[in-house]
Amino acid sequence: MARPSRRRPTPPAPPRRAWTRAKPAALRAPLLAWYREHHRKLPWRAEPGKLANPYHEWLSEAMLQQTQVATVIAYFERFTAAFPTLADLARAEEQSVLRLWQGLGYYRRARNLHAAARAVEANHAGRLPDTFEGLLALPGIGRYSAGAIASIAFGRRTPVVDGNVARVLARWFAIEEPVDAPAVRERLWRLAEHLVPARHPGDFNQAVMELGALVCTPKSPKCLVCPVAAACRANKMGIAERLPVRVPRRKPTAAEHHVLAIDRRGERLFVQRPDRGLWSGMWEMPTVEAVAAGVDAVEALRALAAARGIMIDKPARVGEFDHQTTHRSIHFVVWRARCTGGRLRGGAWRRPGKIDDLPLPNPQRRALEMLEE
DNA sequence: AACACGGGGAC
DNA sequence: GTCCCAGTGTT
């Protein structure tokens, strides 16, 4: 059976050119006035009219990718306590950076951040580049983050388009095409470029995002208190509630992972995940992610241990639970076995209570809790 | 252009 | 449950 298309079945909408007649002045002044009055105080944010600390701004942008402000705050505080400056971060081991990122997800962000810090130390005399192009060249900094850092920390007139900005612009200009379609995305960038002012571009960009977070929310937008409702086409048309349109997500695929706690003289085996893919660079108890057809899970676990050079007795089933990521629904089955001999290739033995140096993904932590009971 | 990459807040 | 979050890099 063919996978249903994710595209909207409706025919192309007629050309809509309202957005090309954007009048920046009608939006900027009331929006900035609203921002000065209603912005949230955030650990990385400067007062309106002032530039942010570039390192703090950069770190916050990395943490905020696909992650809500409320989730990030505690991570940001712990991270800056451990690494107060860019130089501190550059000197750190990647493992300790991942430790501080543990639980936040999208772990490649942490590894890119660390690699970029080292690149800045090596190639830019320890100073974060202060231009869009210079920032864009660093790992983990894309079009959005480069624009955000350049405007918010360095006062450059660079636009940003994130999820908030896309939603706000879709409503202001009544854009009825899916905002995640690349062609529409490109229009949004041109629109943002048109709107961002030369004076206080960082405040303007933050104001649009803040409006999206506090007023122009995905559901039940608060148009009655919106400072720019008078200039909003979707509000005039009464369609703010159903904008923006997005392409439907694909459903997560199902998987079953078997986690094996291998114990030997009070210590447990942990191994590091590969450089790429899911939970890359994080540690885990040896895990079978796909049991081949016709093979018993117990046999697969024995083979897993054998691949590491060790022998185990018969694994005993400890428990199970479900774990969700954006693209996978994973049923975890937790097992326990004793190491009966052999010589370990790769991995580390740790007392279960002393694993603080190993960054673990959330489901591995959950499996560990299950093993303690 | 499509896809993978985590986890959780808000409803 | 669903939606989506201050996106980026790879294929």
Student: Are any of A:H327's side-chain N or O atoms less than 4.0 Å away from OP1 or OP2 of B:dC3?
Tutor: no

Student: Check the surroundings of atom NZ in A:K222: do more than 12 heavy atoms from other residues, nucleotides or ligands lie under 6.0 Å from it?
Tutor: yes

Student: Could you tell me whether A:L104 contacts a base, only the sugar-phosphate backbone, or nothing, with contacts defined as non-hydrogen atoms closer than 4.0 Å?
Tutor: base

Student: Let me know, please, whether A:R276 or A:V161 comes out on the 5' side of the other along DNA chain C by nearest nucleotide.
Tutor: A:V161

Student: What's the CG-C1' distance between A:D162 and C:dT8, to the nearest Å?
Tutor: 14 Å

Student: Mind calculating the distance between NE2 (A:H323) and C1' (B:dC5) to the nearest angstrom?
Tutor: 12 Å

Student: Around atom CZ of A:R78, are there more than 12 heavy atoms from other residues, nucleotides or ligands closer than 6.0 Å?
Tutor: yes

Student: Whole-Å distance between C:dA6 P and A:Y35 OH?
Tutor: 13 Å

Student: May I have the distance from A:L135 (atom CG) to C:dT8 (atom P), rounded to whole angstrom?
Tutor: 11 Å

Student: In plain terms, say whether A:R45 and A:E57 are close enough for a salt bridge, that is, a side-chain N and a carboxylate O under 4.0 Å apart.
Tutor: no

Student: Kindly point out which of C:dA6, C:dC4, B:dG6 is positioned nearest to the side chain of A:R40?
Tutor: C:dA6

Student: Can you list every pair that meets side chain to side chain donor-acceptor pair (under 3.5 Å) and has a residue in residues 337-349 of chain A, with sequence neighbours left out?
Tutor: none

Student: Counting just side-chain N and O atoms, does A:R250 come under 4.0 Å of either OP1 or OP2 of B:dA4?
Tutor: yes

Student: Report yes or no: is the cationic atom of A:R143 (NZ for Lys, CZ for Arg) under 6.0 Å from the centre of the six-membered ring of A:W189, at an angle within 45° of the ring normal?
Tutor: yes

Student: For a quick check of understanding: with a heavy-atom distance under 4.0 Å over all strands, which category does A:P252 fall into, base, sugar-phosphate or nothing?
Tutor: nothing

Student: Would you kindly compare A:P139 and A:T326 by the position of their nearest DNA chain C nucleotide and give the one closer to the 5′ end?
Tutor: A:T326

Student: So for A:T71 and B:dG8, does any side-chain atom that can act as donor or acceptor lie under 3.5 Å from a complementary atom in the base?
Tutor: no

Student: Between C:dG7 and A:Y144, counting only base atoms on the nucleotide and side-chain atoms on the residue, is there a donor-acceptor pair under 3.5 Å?
Tutor: no

Student: What's the NZ-C1' distance between A:K222 and B:dC11, to the nearest Å?
Tutor: 11 Å

Student: Return no unless some side-chain N or O of A:R328 is found under 4.0 Å from OP1 or OP2 of B:dC5.
Tutor: yes

Student: Measure from the side-chain heavy atoms of A:Q68 and tell me the nearest of B:dG6, B:dG8, B:dA4.
Tutor: B:dG8

Student: Taking only the P atom of each, what is the distance from C:dT11 to B:dG6 in whole angstrom?
Tutor: 15 Å

Student: At 4.0 Å (heavy atoms only), tell me whether A:V165 reaches a base, stays on the sugar-phosphate, or touches nothing.
Tutor: nothing

Student: Regarding A:G212, tell me which of base, sugar-phosphate or nothing describes its non-hydrogen contacts under 4.0 Å with the strands shown.
Tutor: nothing

Student: Kindly state which residues belonging to residues 147-159 of chain A come within less than 4.0 angstrom of DNA chain B, counting heavy atoms of the residue only, listed by number.
Tutor: none

Student: Quick one: is C:dG9 close enough that its OP1 or OP2 comes under 4.0 Å of any side-chain N or O from A:Y106?
Tutor: no

Student: With distance as the sole criterion, do the side chain of A:R109 and the base of C:dT8 form a donor-acceptor contact below 3.5 Å?
Tutor: no

Student: Under 4.0 Å between any heavy atoms, over every strand shown, what does A:R111 touch: base, sugar-phosphate, or nothing? Just pick one.
Tutor: nothing

Student: Fit a plane to each ring of A:H258 and A:W335, take the angle between them on a 0 to 90° scale, and name the class: parallel (under 30°), tilted (30 to 60°) or perpendicular (over 60°).
Tutor: tilted

Student: Measuring only the C1' atom in each nucleotide, how far is B:dG9 from C:dT8? A whole number of Å is fine.
Tutor: 22 Å

Student: Using a heavy-atom cut-off of 4.0 Å across all strands, would you classify A:W44 as base, sugar-phosphate, or nothing?
Tutor: base

Student: Is there a side-chain contact between A:R167 and the phosphate of C:dC5, meaning an N or O under 4.0 Å from OP1 or OP2?
Tutor: yes

Student: Are more than 12 heavy atoms from other residues, nucleotides or ligands located less than 6.0 Å from atom CZ of A:R199?
Tutor: no

Student: Separation of A:Q65 atom CD from B:dC5 atom C1', in whole Å?
Tutor: 11 Å

Student: When you check the phosphate oxygens OP1 and OP2 of B:dG6, does a side-chain N or O of A:N362 lie under 4.0 Å from one of them?
Tutor: no

Student: Hey, what's the ring geometry for A:W279 with A:H257, parallel, tilted or perpendicular (30° and 60° as the breaks)?
Tutor: perpendicular

Student: Any idea which of C:dG7, B:dG7, B:dA4 is nearest the A:Q66 side chain?
Tutor: C:dG7

Student: Are any of A:S145's side-chain N or O atoms less than 4.0 Å away from OP1 or OP2 of C:dT8?
Tutor: yes

Student: Look at the side chain of A:R246 and decide which nucleotide, out of C:dT8, C:dC5, B:dG7, has an atom nearest to it.
Tutor: C:dC5

Student: Classify the nucleic acid contact of A:L42 as base, sugar-phosphate or nothing, counting any heavy atom under 4.0 Å across all strands shown.
Tutor: base

Student: Side chain of A:L64, heavy atoms from C-beta onward: which of B:dA4, C:dA6, C:dC4 has the nearest atom to it?
Tutor: C:dA6

Student: Using the closest heavy atom to pick a nucleotide of DNA chain B for each, name whichever of A:K219 or A:T325 lands nearer the 5' end.
Tutor: A:T325

Student: Taking atom P in both B:dC11 and C:dA6, what distance in whole Å separates the two?
Tutor: 13 Å

Student: In whole angstrom, give the distance that lies between atom CZ of A:F321 and atom P of B:dG7.
Tutor: 10 Å

Student: In whole Å, what is the span from the CG atom of A:L278 to the P atom of C:dT10?
Tutor: 17 Å

Student: List in chain and number order the residues that pass ring-ring contact (aromatic ring centres under 6.0 Å, His included) with A:Y75, two or more places apart in sequence or in another chain; answer none if no residue qualifies.
Tutor: none

Student: Please work out which of the three classes, parallel, tilted or perpendicular, describes the rings of A:W44 and A:F76, given edges at 30° and 60°.
Tutor: perpendicular

Student: Taking for each residue the nucleotide of DNA chain B bearing the nearest heavy atom, is the 5' side occupied by A:S220 or by A:T67?
Tutor: A:T67

